[in-house]
Novice: 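Have a look at this one before I ask anything.
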Amino acid sequence: MNLFREIREDILAELAAMMQEGALPAGLSLDNVAVEPPRDPAHGDMASNAAMVLARPAAMKPRDIAAALAQRLEGHARIARAEVAGPGFLNLRLAPEVWGELVEAILAAPDAYGRSRMGRGQRVNVEYVSANPTGPLHVGHSRGAVFGDALAALLEYSGHEVTREYYINDGGAQVDVLARSVYERYREALGHAPEIGEGLYPGDYLVPVGKALAEKVGSRWLGQPEEVWLAEVRAFAIEAMMRLIREDLALLGVEMDNFFSEKSLYDSGRIEAAIEALREQGLIYQGVLEPPRGKMPEDWEPREQTLFRSTAHGDDVDRPIQKSDGSWTYFAPDIAYHFDKISRGFDRLVDVFGADHGGYVKRMKAAVSALSGGKVPLDIKLIQLVRLFRDGEPFRMSKRAGNFITLRDVVERVGADVTRFVMLTRKNDAPLDFDLARVLEQSRDNPVFYVQYAHARVRSVMRKAEAAGISPGAPLIEDAAEVTLAKKLAEWPRLVEIAARGHEPHRIAFYLYELASDFHALYNRGNDRPELRFLQDDAAATSAKIALPLAVSIVISAGLGILGVTPVEEMR
RNA sequence: GCUCGCGUAGCUCAGCUGGAUAGAGUGUCGCCCUCCGAAGGCGAAGGUCACAGGUUCGAAUCCUGUCGCGAGCGCCA
């Protein structure tokens, strides 16, 4: 049941009838007709802009259209009153029994309420994390991981078929650096002092990897030149790092459907194939780029390179795909990777990148646009920085080389549920302050606690009702605080679609906070007015009262499910 | 210099494909404790939505420009 959609359909049907009867010109587009919760509850339960968006194409006065529409709508059973306001708003007040029907519908199909078919089964690939396989995940990665994971769940919830994917950067120079770093730890394990020079990864996490390697191959690579061992050490190290990363992701409850290896592109000629696809469109050429305007690099000199004409698809300058020595730039395998995604038949692609990849967005979109003939939209979500605090003070771990704040540090400190929820309480393109102490506070300004607390309160009430042998019955929703809460529940399906359409999982978190707030308001009102309490002396009254909180817990549970947070039964 | 993001209450932030008198939390002030907690609730005060133009019935939202903050900026991944 989606009340907003249903009432919108009622309005569309009346508008169609008006066109049929000549009260409106035929053939008007109704796409922009919206039904929304009004800003001010005094305006009623729902508001529509129908008359205002149709006024111009119909060449009529908005208030005239609204008045005619209002008169027709008042004949509907669910609409108690329809009135025209302001420049031509249509304000609707719904029949009181609608709220009880809504709650009943939620209880009748708890798993279905809020789910949407908006995605029409479209296949979406969400790529996230994709951290270099050179070490454990750090805090910044965890925000991307949580965001991508919640977005994937949100898209599934709204009717998409989602693949969660991780791109392993195992083809570039940094995995060679990893191999050399592990080699030093290997020597260390065999009793030699490691020489961890400038540019190698110094982190302790490589010590056990070197040890494992030593156990596996013994001393046969000691004193050997790099050509002998590099490839094998690299493969060994990458595998160890990916195991580490999977463990880190598992700590957060993130599980990928697919890990895609960059290296597999090099080995298989697929980069050449992707570039060839662009070449066929005349988008590949040999050329010399203009020097960057303004800031002239010291060592700049014109060089001929293989370039991708990304400007033909909205980029600012064409981009090199081959270095002057003929080897690929990083962009080339990325093109091939996205070409692969397209050829796997995805209808839409989403990339979740760190904000430092901002300069990469236009060229990537250009490549996808060219390779898919403009048919596959690519949305790139840039995740801004996480700033760690503790009790308001910037939080820094020892600056000792290689020792940084990891995902594991944070999750072990505050738990996966708290980490996930808090990471989603800001939109992705705004920086996030994460206070390791405050996120554990039990107070209203901690949204995790506040939402969990609402759920725990309902569960407690339900346990007591069950103990008394009372089950929820036909809901009775009369008081203003009850109606406010029911209205908030009515917004859920609509909110899911808005959040899914915009790829904005943070909206779910904010909604849950508002829902919890309306719930706590009603709950506390019971302190002064015993007739509003859920548990009444009379069993029949209790049965009618507990339906609404139960519906609230169902929606909280569904929302937390999208965010990947476990709803709790009671507060510690 | 160019590109992208951001600029909303003292502070931290929401704000839907453009809608009515711009909303929360926090802080300040007033009132309120037996259903799970006053770790809370109710109410009040608090705004030139950075600035200047434009588009239109209507702009925090779209467009142009300016200012401020952050990030990125030819063979680095």
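Every chain is numbered from 1 and lettered A, B, ... according to where its sequence line falls, protein lines coming before strand lines. What you see is a predicted model; the values in this text were computed from it and never measured.
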Novice: In whole Å, what separates the C1' atom of U3(B) from that of U56(B)?
Specialist: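 One C1' to the other, the span is 31 Å.
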Novice: Side-chain N or O of Arg501(A) less than 4.0 angstrom from OP1 or OP2 on C16(B)?
Specialist: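 It does not, given that no N or O in the side chain of Arg501(A) lies less than 4.0 Å from OP1 or OP2 of C16(B).
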Novice: Contact class for Glu569(A) (heavy atom, under 4.0 Å): base, sugar-phosphate, or nothing?
Specialist: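 Base, at least one base heavy atom under 4.0 Å.
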Novice: What nucleic acid atoms does Pro87(A) come within less than 4.0 Å of, heavy atoms only: base, sugar-phosphate, or nothing?
Specialist: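 Counting heavy atoms under 4.0 Å across all strands, the contact made by Pro87(A) includes a base.
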Novice: Taking only side-chain N and O atoms of Tyr450(A), does any of them lie within less than 4.0 angstrom of OP1 or OP2 on G41(B)?
Specialist: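 For G41(B), OP1 or OP2 has a side-chain N or O of Tyr450(A) closer than 4.0 Å.
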Novice: Suppose you measure atom P in G23(B) against the same atom in G30(B); what distance do you get, rounded to whole Å?
Specialist: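 Looking at atom P only, G23(B) and G30(B) are 26 Å apart.
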Novice: Which comes earlier along RNA chain B counting from the 5' end, the contact point of Glu514(A) or that of Leu90(A), where each point is its nearest nucleotide?
Specialist: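 First, find each residue's nearest nucleotide; the 5'-ward one identifies Glu514(A).
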Novice: What is the separation between atom CZ on Phe308(A) and atom C1' on G74(B), rounded to the nearest whole Å?
Specialist: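 These atoms are roughly 17 Å apart.
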Novice: With both distances under 3.5 Å as the test, what is the Watson-Crick or G-U wobble partner of U12(B)?
Specialist: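 U12(B) is paired with A24(B).
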Novice: Counting only side-chain nitrogens and oxygens, does Lys362(A) get under 4.0 Å of the OP1 or OP2 atom of C4(B)?
Specialist: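 Yes.
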Novice: With P as the reference atom in both, quote the distance from U28(B) to A71(B) in angstrom, rounded to an integer.
Specialist: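 34 Å, rounded to whole Å.
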Novice: Do the ring centers of His506(A) and Phe147(A) come within less than 6.0 Å of each other?
Specialist: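 Not close enough - the centres of the two rings lie 6.0 Å or further apart.
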Novice: Do Ser327(A) and Asp325(A) pair up side chain to side chain, a donor and an acceptor below 3.5 Å, judged on atom types alone?
Specialist: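 Asp325(A) and Ser327(A) do have a side-chain donor-acceptor pair below 3.5 Å.
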Novice: Taking any heavy-atom pair under 4.0 Å as a contact, classify Ala499(A): base, sugar-phosphate, or nothing.
Specialist: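 It contacts nothing in the nucleic acid.
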Novice: Rounded to the nearest Å, what distance is computed from the CG atom of residue Asp479(A) to the P atom of nucleotide C42(B)?
Specialist: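 Going from CG in Asp479(A) over to P in C42(B) covers 13 Å.
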Novice: Taking everything shown except Arg387(A) itself, do over 12 heavy atoms lie less than 6.0 Å from its CZ?
Specialist: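 More than 12 heavy atoms, drawn from other residues, nucleotides or ligands, come within 6.0 Å of this atom.
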Novice: Can you measure Arg56(A) atom CZ to G18(B) atom C1' for me and round it to whole angstrom units?
Specialist: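 Answer to the nearest Å: 14 Å.
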Novice: What is the pairing partner of U17(B), taking Watson-Crick or G-U wobble pairs with both distances under 3.5 Å in any strand?
Specialist: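 Answer to the pairing question: none, since U17(B) forms no Watson-Crick or G-U pair.
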Novice: Pairs under 3.5 angstrom, nitrogen or oxygen only, protein versus nucleotides 29-32 of chain B, please.
Specialist:
none

Novice: Sticking with atom C1', work out how far C42(B) lies from G25(B), rounded to a whole angstrom.
Specialist: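 About 16 Å, rounded to a whole number of Å.
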Novice: Parallel, tilted or perpendicular: which fits the ring planes of Tyr157(A) and Trp492(A), with parallel below 30° and perpendicular above 60°?
Specialist: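 Tyr157(A) and Trp492(A): tilted rings.
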Novice: Is there a Watson-Crick or G-U wobble partner for U3(B) with both distances under 3.5 Å, and which nucleotide is it?
Specialist: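 The answer is A71(B), by the H-bond criterion.
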Novice: On a whole-Å scale, what distance lies between the C1' atoms belonging to A50(B) and C67(B)?
Specialist: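 To the nearest whole Å, 8 Å.
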Novice: Taking only the P atom of each, what is the distance from C32(B) to G47(B) in whole angstrom?
Specialist: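 Result for the P pair: 28 Å, nearest Å.
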Novice: Does Asn91(A) reach a base, just sugar-phosphate, or nothing at all? Heavy atoms under 4.0 Å.
Specialist: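 Base, at least one base atom sits under 4.0 Å.
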Novice: Can you tell me the Watson-Crick or wobble partner of A45(B), both distances under 3.5 angstrom?
Specialist: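 Base-paired to nothing in any strand shown.
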Novice: Are Phe389(A) and Phe434(A) an aromatic pair, judged by ring center distance below 6.0 Å?
Specialist: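 Phe434(A) vs Phe389(A): aromatic centres not under 6.0 Å.
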Novice: Using a 4.0 Å heavy-atom cut-off, does Gly359(A) contact any base of the nucleic acid, only the sugar-phosphate backbone, or nothing at all?
Specialist: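 Contact class for Gly359(A): sugar-phosphate only.
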Novice: Report the base-pairing partner of G40(B) (Watson-Crick or G-U wobble, both distances below 3.5 angstrom), or none.
Specialist: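 Partner of G40(B): C32(B).
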Novice: So, Asn132(A) and Gln174(A): side-chain donor and acceptor under 3.5 Å apart, yes or no?
Specialist: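 The answer is yes; a qualifying pair exists.
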Novice: Using the P atom in both, what is the distance from C16(B) to C62(B), to the nearest Å?
Specialist: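 It comes out at 9 Å once rounded to the nearest Å.
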Novice: Would you say His520(A) stacks on G41(B), if stacking means ring centres under 5.5 Å apart and planes within less than 30 degrees?
Specialist: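 Ring-base stacking flag not set for His520(A) and G41(B).
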Novice: Do Tyr360(A) and Phe331(A) have ring centres separated by under 6.0 Å?
Specialist: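 Ring-ring flag for Tyr360(A)/Phe331(A): true, centres closer than 6.0 Å.
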Novice: Take the protein atom CG of Asp435(A) and the nucleotide atom P of C11(B), then report the distance between them rounded to whole Å.
Specialist: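 So the two atoms are 19 Å apart, to the nearest Å.
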Novice: Using a distance-only criterion (donor-acceptor N/O pair, under 3.5 Å, no hydrogens), is the base of C16(B) paired with the side chain of Arg494(A)?
Specialist: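 Indeed there is one.
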Novice: OP1, OP2 of C57(B) versus side-chain N and O of Lys61(A): anything below 4.0 Å?
Specialist: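 Result: no.
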Novice: For atom CZ of Arg463(A), is the number of surrounding heavy atoms from other residues, nucleotides or ligands below 6.0 Å larger than 12?
Specialist: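 Yes, the 6.0 Å shell around CZ holds more than 12 heavy atoms from other groups.
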Novice: U26(B) phosphate, OP1 or OP2: any side-chain N/O from Arg438(A) under 4.0 angstrom?
Specialist: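 No, outside the criterion.
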Novice: Between His141(A) and His138(A), what is the ring plane arrangement, given parallel below 30°, perpendicular above 60°, and tilted in between?
Specialist: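 Tilted.
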Novice: Rounding to a whole Å, what distance do you find between Phe449(A):CZ and U26(B):C1'?
Specialist: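 Atom-to-atom, Phe449(A) to U26(B), this comes out as 16 Å.
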Novice: Reckon Ala47(A) touches a base, only the sugar-phosphate, or nothing at all at heavy-atom distances under 4.0 Å?
Specialist: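 Answer is base: heavy atoms of Ala47(A) come under 4.0 Å of a base.
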Novice: How would you label the contact of Gly358(A) with the nucleic acid (heavy atoms, under 4.0 Å): base, sugar-phosphate, or nothing?
Specialist: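 The residue Gly358(A) makes no contact with any strand.
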Novice: Nearest-nucleotide wise, let me know which of Ala456(A) and Gln305(A) is further upstream toward the 5' end of RNA chain B.
Specialist: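 In this pair, the answer is Ala456(A).
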Novice: Looking at G53(B), which nucleotide sits across from it as a Watson-Crick or G-U wobble partner, both distances under 3.5 angstrom, or is there none?
Specialist: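 Looking at the geometry, G53(B) pairs with C63(B).
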Novice: Expressed in angstrom and rounded to an integer, what is the separation of Arg457(A) atom CZ from G41(B) atom P?
Specialist: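 So the CZ-P distance, Arg457(A) to G41(B), works out to 8 Å.
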Novice: If I pick the C1' atom on U61(B) and the same atom on G18(B), what distance separates them, to the nearest angstrom?
Specialist: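 So the two C1' atoms sit 6 Å from each other.
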Novice: Does Phe260(A) have its ring centroid less than 6.0 Å away from the ring centroid of Tyr337(A)?
Specialist: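 Yes, close enough.
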